[in-house]
Protein chains: 2
Amino acid sequence: MSDKSWFKNPFSRATPMIKRSILLVDDHRILLDGVKNLLSESPDFEVKDTATSGKEALQLMKSNEYDIMVTDYELPELTGLELIRAAKSVLPDMKMIVLSMHDDPAVVKELLRAGIHGYILKKDTHKTLVDALHKVVANRRFLSDEISDLLIQMADEPEEKGVLTTREVEILRLVAKEYSSRQIAEILFISERTVETHRKNILKKTGATNLVGLIKYAYANNLI
Amino acid sequence: MSDKSWFKNPFSRATPMIKRSILLVDDHRILLDGVKNLLSESPDFEVKDTATSGKEALQLMKSNEYDIMVTDYELPELTGLELIRAAKSVLPDMKMIVLSMHDDPAVVKELLRAGIHGYILKKDTHKTLVDALHKVVANRRFLSDEISDLLIQMADEPEEKGVLTTREVEILRLVAKEYSSRQIAEILFISERTVETHRKNILKKTGATNLVGLIKYAYANNLI
DNA sequence: TTTCGTATACCTAGTGGTGGGTATCTGCTG
DNA sequence: CAGCAGATACCCACCACTAGGTATACGAAA
């Protein structure tokens, strides 16, 4: 694996492979700079472009091709999930790796269902990223150790307790913005009763007993 | 500034300066790896050690010296603020730059008061970090553009609205644990009325109007 | 010492969230 | 088509939180 001789020596007889092109998406420029630099030393991969928002990434995809996209989950404008879904329709053959700081099993599951090929954490090392890149180009999936542990652990639970509907998420977001039920009703053009019902259902689903639990849930699930 | 000739050419007659040693602290290994790699190309700086927690960083400081510490604000075990304060007593001459993803004016102010020399955001570029490093070794302070804008904007506001008393923080923490006022009263052996008064004062100080705002404040100030 | 901040405590009204229901309409899926 | 999930809507009782007050005691700072 660590045989980079042909790379270090330009006169090597080995045939250099064509480098896999990567689109790197993260709103933290400093991480972008860092990872790009790290990968520039790799014989197998090359960061062709970078983007600091989902929108920017999509625009790049419309006029360029990439073998792999490595993207943050927390993004401005589009969420990681929205970006993944959009990317899948623009470049169906591109491999996708999510590089996130959060180890939330629900998010990981949703992303895997959406078709990503790898999920690694920002606390992982550079080596982990390179391993993941190798795995996905070989048509295999890659999960960072912590994430696979998490999924295994979760498998025990009877499961699927949680998922909020889109409307419920919408309500929850507004609740988190300090709107009262009445205000939410006005914003969404629905009855205050309906909002109350949604809130009750959200409380039941999340297992929270009051506003505080709701907000904590919203934070934990990156809804804020 | 970009004259790196002595660096690129080892036979240059210019006298190489001694590189400033950096301690880099961040729980995201991949950022650590990336920044270290980027700085390895700099003629002026060198990442001597890295740490992924405040504790680890402090231990390193006890047996080593560093010219500059660059640290995340969100850290496991110790918060950035605690690390800064502890670092100041261990290595009083070391420069400290905070590299955070959050642009919360209250946090920035508190850190500046605690004696940091620079504050930059993860969304800033590698170049910004290098600029900051140069500034602080020249005994000057450095704030990323967004942060200084923020502080200027804040200067208009009359007050020091923010700081909660220790009792208020205690109450807030319990509120955030989903305890009702009555339960908090029982836990702290005080009257429910007193709890209510504290809550009111906290609301006033934080500018929140309800529980939601309170919890968001608690999150933003790492009280949870 | 006087003032200030902090913590303590109480009152009243009013607003809003919680928890228990029930019920209709829509669209999807087996 | 029947069944189910989701979004909509309403009712009522209860209780928790919010927003005005006022007031006392203590220790630190000016």
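We name chains A, B, ... by the order of the sequence lines, and we start the count at 1 in each one.
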Nearest to the R193(A) side chain among dC11(D), dA7(D), dA7(C), which nucleotide is it? dC11(D)
Can you tell me how far apart CG (L99(B)) and CG (L31(A)) are? Round to the nearest 0.5 Å. 10.0 Å
Thinking salt bridges, do R199(A) and E196(A) make one under a 4.0 Å N-O criterion? no
Would you kindly give the CD-to-C1' distance between E178(B) and dA16(D), to the nearest whole Å? 14 Å
Here the gap from K88(A) atom NZ to M96(A) atom CE, rounded to the nearest 0.5 Å, amounts to 5.0 Å
A51(B) versus L32(B), closest heavy-atom pair with distance: O-CD2, 3.8 Å
Whole-Å distance separating the CD1 atom of I171(B) from the P atom of dA9(C): 10 Å
Tell me whether E170(A) is salt-bridged to R167(A), with the criterion being a basic N under 4.0 Å from an acidic carboxylate O. yes
Give me the distances for all protein-to-nucleotides 24-30 of chain D N/O pairs that come in under 3.5 Å?
none

On a heavy-atom basis, the closest approach of E82(B) and E77(B) is OE1-O, 4.2 Å
Whole angstrom is fine here: how far is it from CD1 in I202(A) over to P in dT8(D)? 11 Å
Hey, what do you get for CG (D44(B)) to CG (D67(B)), rounding to the nearest 0.5 Å? 11.5 Å
Output all residues satisfying side-chain hydrogen bond (donor to acceptor under 3.5 Å, both in side chains) with T197(B), sequence neighbours left out; order by chain, then residue number. none
With rounding to the nearest 0.5 Å, note down the distance linking OG in S181(B) to NE2 in H198(B). 11.0 Å
Testing K204(A), K205(A), K200(A) for salt bridge (charged side-chain N to carboxylate O under 4.0 Å, His left out) with E168(A), which one passes? K205(A)
D131(A) bridged to K127(A) by N-O distance under 4.0 Å: yes
Approximate separation, where rounding is to 0.5 Å, of L75(A) CG and H28(A) NE2: 9.5 Å
Short N-O contact, K122(B) and D26(A), less than 4.0 angstrom: no
Of the listed nucleotides (dT6(C), dT8(D), dA7(C)), which one gets closest to any side-chain atom of K205(B)? dT6(C)
For T194(B), report the nucleic acid contact type (base, sugar-phosphate, nothing); a contact means any heavy atom under 4.0 Å. base
Considering only heavy atoms, which members of residues 183-191 of chain B lie under 4.0 Å from some atom of DNA chain C? I190(B), S191(B)
Using a 4.0 Å heavy-atom cut-off, write out nucleotides 13-22 of chain C from 5' to 3' as B (base contacted by protein), S (sugar-phosphate only) or - (no contact). ---SSSBBB-
Give each protein N/O atom lying under 3.5 Å from an N/O atom of nucleotides 24-30 of chain C, with the pair distance.
none

Just say parallel, tilted or perpendicular for the rings of Y219(A) and Y219(B), cut-offs at 30° and 60°. parallel
With respect to D49(A), which candidate in I22(A), V25(A), L60(A) satisfies the side-chain contact (heavy atoms from CB on, under 4.5 Å) definition? L60(A)
Separation between CG (L91(A)) and CG (L58(A)), nearest 0.5 Å, reads 9.5 Å
Five-pair end axes of the helix from dT1(C)-dA30(D) to dG30(C)-dC1(D), angle between them (10°): 50°
